[in-house]
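Comments concern the structure below.
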4 protein chains.
Amino acid sequence: MSSPPTPPAFRRLPRAVREQQMLDAAVRAFSRRGFHAASMDEIAEDAGISKPMVYAYLGTKEELFVACLHREGTRMVEAIAGAAAPDLPADERLWRGLRAFFGFVGRHRDGWVVLYRQARGEQPFARELATMRGKLVEVVAGMLDHALRARGREVRETDLEVVAYALVGASESLADWLADHPEADPEKTATRMMNVAWLGADQLLRGITWRPTDR
Amino acid sequence: MSSPPTPPAFRRLPRAVREQQMLDAAVRAFSRRGFHAASMDEIAEDAGISKPMVYAYLGTKEELFVACLHREGTRMVEAIAGAAAPDLPADERLWRGLRAFFGFVGRHRDGWVVLYRQARGEQPFARELATMRGKLVEVVAGMLDHALRARGREVRETDLEVVAYALVGASESLADWLADHPEADPEKTATRMMNVAWLGADQLLRGITWRPTDR
Amino acid sequence: MSSPPTPPAFRRLPRAVREQQMLDAAVRAFSRRGFHAASMDEIAEDAGISKPMVYAYLGTKEELFVACLHREGTRMVEAIAGAAAPDLPADERLWRGLRAFFGFVGRHRDGWVVLYRQARGEQPFARELATMRGKLVEVVAGMLDHALRARGREVRETDLEVVAYALVGASESLADWLADHPEADPEKTATRMMNVAWLGADQLLRGITWRPTDR
Amino acid sequence: MSSPPTPPAFRRLPRAVREQQMLDAAVRAFSRRGFHAASMDEIAEDAGISKPMVYAYLGTKEELFVACLHREGTRMVEAIAGAAAPDLPADERLWRGLRAFFGFVGRHRDGWVVLYRQARGEQPFARELATMRGKLVEVVAGMLDHALRARGREVRETDLEVVAYALVGASESLADWLADHPEADPEKTATRMMNVAWLGADQLLRGITWRPTDR
DNA sequence: AATGAATGAGTTTTCATTCAT
DNA sequence: CATGAATGAAAACTCATTCAT
């Protein structure tokens with residue numbers, strides 16, 4: 001008597017799976033509506049789970065957002081790091097990194113948006129975000145430094161960092177543009193960014209263009 | 001005895017004055033705490049006026065934010081447009097525009113932050129912001145196009161636009177960095193940006209550097 | 001120098017005129033939006049005058065509403081009283097009263113609505129309104145009593161009052177219906193009400209009908 | 001010592017129970033103070049629950065009011081419909097309907113007031129209310145039509161509707177009066193209304209009276 | 001006589017978060 | 001493990017009303 005009429009077939013999933021469902025829902029909500037406008041009710045419902053479970057698994061709203069940031073950020077960094085092997089020449093590394101970056105953005109537009117567009121405005125995440133971006137800047141700066149030393153030249157560290165910062169910033173902006181233009185081709189966008197970054201306006205104006213050699 | 005310490009002369013100010021006070025307070029609040037976290041109470045108190053006046057003069061919270069956007073944006077665009085005269089050679093125009101831009105950011109760090117960092121994440125202002133940025137991109141694209149045609153060459157419009165977009169994006173990011181580093185020198189930052197934009201990584205790595213001629 | 005550029009031709013109207021303008025605006029606002037939803041700002045603007053003037057002339061919002069009630073109510077009572085002379089036979093008095101009543105409603109739909117529909121729900125005006133309606137009920141009851149005594153019969157006062165109340169209520173409801181049907185003919189509505197009131201359902205069902213003799 | 005005076009057994013009630021408590025409190029508040037003057041704070045406190053629960057269960061203030069309207073309206077319509085069986089003669093149906101109606105009003109004075117007195121003035125509920133009243137008018141009109149056809153006569157539809165409207169209006173007004181006179185007897189009021197409706201002023205003045213046969 | 005400037009006080013509504021079951 | 005029930009706190013917005021000029 002009083003046995004459960006509907007078998008709980010879809011319930012009692014392992015914790016890891018549930019967490020991913022929640023993060024998926026959270027990324028959707030945060031990227032579409034922003035950190036403040038997204039509500040925990042909304043996220044819980046979209047994840048098909050009750051609110052207390054979200055709190056039990058992923059903590060407060062801020063922690064949840066940070067968790068999203070971490071997951072998407074890690075995915076992106078891994079994608080880029082896996083592509084730009086450190087033993088290649090400078091331009092090849094840059095090109096592969098850019099291609100990986102824009103490819104990732106093209107495949108995870110939601111993730112990208114939540115990562116950069118939303119997080120930047122909210123103080124609590126500024127540091128978190130700065131750390132992640134710092135890693136990228138460091139990689140690019142290291143790349144430049146490496147190439148310079150190979151030619152027997154050296155540059156003040158600040159200069160390097162700022163130049164790297166500018167390159168990363170330009171890429172972010174183009175990625176932002178890419179996220180807003182679903183029809184745009186990530187590969188082409190990467191090529192354009194490469195042209196700007198590598199050749200600069202002066203060369204471009206002279207008709208010099210950079211083109212990917214392989215592929 | 002008990003003479004009024006603050007003369008009542010500051011009350012009952014004319015509308016135009018009050019509006020500027022409110023906008024000042026709003027820019028402060030929005031840029032420091034973000035659109036959602038900033039409260040109308042806070043802004044009103046900071047402006048030294050009661051909430052209903054804010055609503056009476058500048059409308060809804062969203063409208064208030066847009067008003068901030070407009071004021072700061074107009075100031076910035078005017079500063080840049082006034083500096084980059086259209087009859088100069090391309091590199092000179094770019095340089096002067098950049099110098100004006102970073103100079104402006106250095107002088108109005110709050111304004112810049114509210115303008116770009118906060119507005120980007122909030123859907124309601126995306127369009128407003130896109131319009132403003134669009135103007136900048138157009139100017140830069142026009143500049144490139146002008147220089148190209150002068151050399152008898154022509155480029156597809158989309159390409160131009162994307163390159164211009166990247167340049168603007170890089171500048172924005174450096175400006176962002178500038179806003180977070182109060183000790184940094186806007187002039188130097190402009191020079192660095194000019195190097196990246198004009199020469200590109202390739203030339204920089206070869207030891208070629210761009211330097212302002214005048215001054 | 002600095003003479004007024006626009007001559008104040010429409011300003012400085014005598015107080016009585018201004019008050020009527022305000023009452024007109026107030027009746028419009030109250031009847032369209034209800035007592036609470038109508039705002040003093042709205043009324044002042046519609047009257048083409050500043051808010052402090054409204055307060056100076058007609059007092060608080062409640063007092064303003066009461067003033068509307070008074071003006072419209074007095075107009076209506078006068079219209080009815082002027083039509084139903086006390087020396088006519090009962091049916092003729094009733095008919096003339098009804099015709100005057102529906103005629104008035106037809107000409108002042110706004111006034112009627114503000115008078116009855118809005119005032120009834122708001123406690124502060126219940127008494128005011130009850131007084132006015134009481135006068136009407138008294139008149140009708142007196143009419144019935146007069147007719148009864150003329151036939152040598154007498155009825156308990158309460159009975160009379162309730163019957164009169166029902167007649168007034170039915171008229172009010174029809175008037176309400178009339179206010180919502182701008183195309184309807186007041187005269188016809190009066191005839192219908194007369195039929196119900198005078199003959200009753202029983203006679204109507206038997207095919208007996210009342211028709212105005214004159215006209 | 002310090003044993004809990006009120007057992008915590010009354011907390012955490014199931015939704016259905018809470019909803020009824022809220023509706024009870026809302027009907028009380030709305031009918032006593034009017035739609036606008038009644039505050040959600042007040043209602044929540046009177047229901048012994050916090051405001052957010054009211055919003056969670058019954059929505060917006062307007063929706064809450066409509067919910068009240070629905071509950072009370074349904075109760076009333078059911079009471080009347082259950083009493084006036086369609087196979088009785090016209091006068092008997094009318095009488096039973098009126099008796100049920102006034103009986104209901106006598107038992108739920110609060111409900112009646114909120115239903116008709118408050119709702120009529122507020123635009124947002126006009127339609128809701130018109131629908132409900134429309135049903136009553138239709139029933140009465142159908143009754144008259146039925147009786148007429150049984151006697152081989154026919155009447156224009158508009159005429160019927162308006163007469164029915166007048167009868168309903170008269171009843172509403174008497175009910176209104178009843179709500180304001182707690183000492184009055186619903187049964188007697190029904191009898192009076194029946195006299196007015198069925199016999200008309202003419203017959204009443206001639207000393208003809210209608211009396212309930214049964215009971 | 002007339003008004004722009006100003007506000008205290010209140011309202012609806014939302015949301016992150018936690019119990020008790 | 002899971003959730004329906006519950007709330008404290010705060011935010012946006014409005015409005016009748018008054019002062020100082």
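Keep in mind it's a predicted model, so treat the numbers as computed, not measured.
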* Rounded distance (Å) that lies between atom C1' of F/dT21 and atom CG of B/L13 -> 13 Å
* Asked: Over how many whole Å does the gap from B/E45 atom CD to E/dA6 atom P extend?
  -> 17 Å
* Structure fact -> Nucleotide by nucleotide, nucleotides 11-16 of chain F touches protein heavy atoms under 4.0 Å in the pattern (B base, S sugar-phosphate only, - none) -SBBBS
* To do: Examine the side chains of A/H70 and A/E128 and answer whether a donor and an acceptor come within less than 3.5 Å of each other.
  => yes
* Between D/L58 (CG) and F/dA5 (C1'), how many Å, whole number? -> 14 Å
* **B/R71 and B/Q20 side chains, donor-acceptor separation under 3.5 Å** => yes
* Structure fact -> As its Watson-Crick or G-U partner within any shown strand, both distances under 3.5 Å, E/dT3 has F/dA20
* Let me know, please, whether B/I49 or C/Y57 comes out on the 5' side of the other along DNA chain E by nearest nucleotide. => C/Y57
* Looking at B/D41 and B/K51, does any basic side-chain N land under 4.0 Å from a carboxylate oxygen? -> yes
* **Atom CD of A/E45: over 12 foreign heavy atoms under 6.0 Å** => no
* Whole Å only: how far is the CD atom of B/Q21 from the C1' atom of E/dA5? -> 13 Å
* Can C/R15 be said to sit on top of C/Y57's aromatic six-ring, NZ or CZ under 6.0 Å from centre and within 45° of the ring axis? -> yes
* Rounded to the Å, how far apart are D/E42 CD and E/dT11 P? -> 9 Å
* To do: Starting at CG of B/L58, measure out to CD1 of B/I43 and round the result to the nearest 0.5 Å.
  => 10.0 Å
* To do: Could you check how far CE of D/M53 sits from P of F/dG8, rounded to whole Å?
  => 13 Å
* Asked: Charged N to carboxylate O below 4.0 Å: is that the case for B/R32 and B/D46?
  -> no
* base_contact_polar (F/dA5 base, D/R12 side chain, donor-acceptor, <3.5 Å) -> yes
* **Phosphate-side-chain proximity, C/R18 and E/dA2, N/O vs OP1/OP2 below 4.0 Å** => yes
* Under 3.5 Å on both distances, the Watson-Crick or G-U partner of E/dT12 -> F/dA11
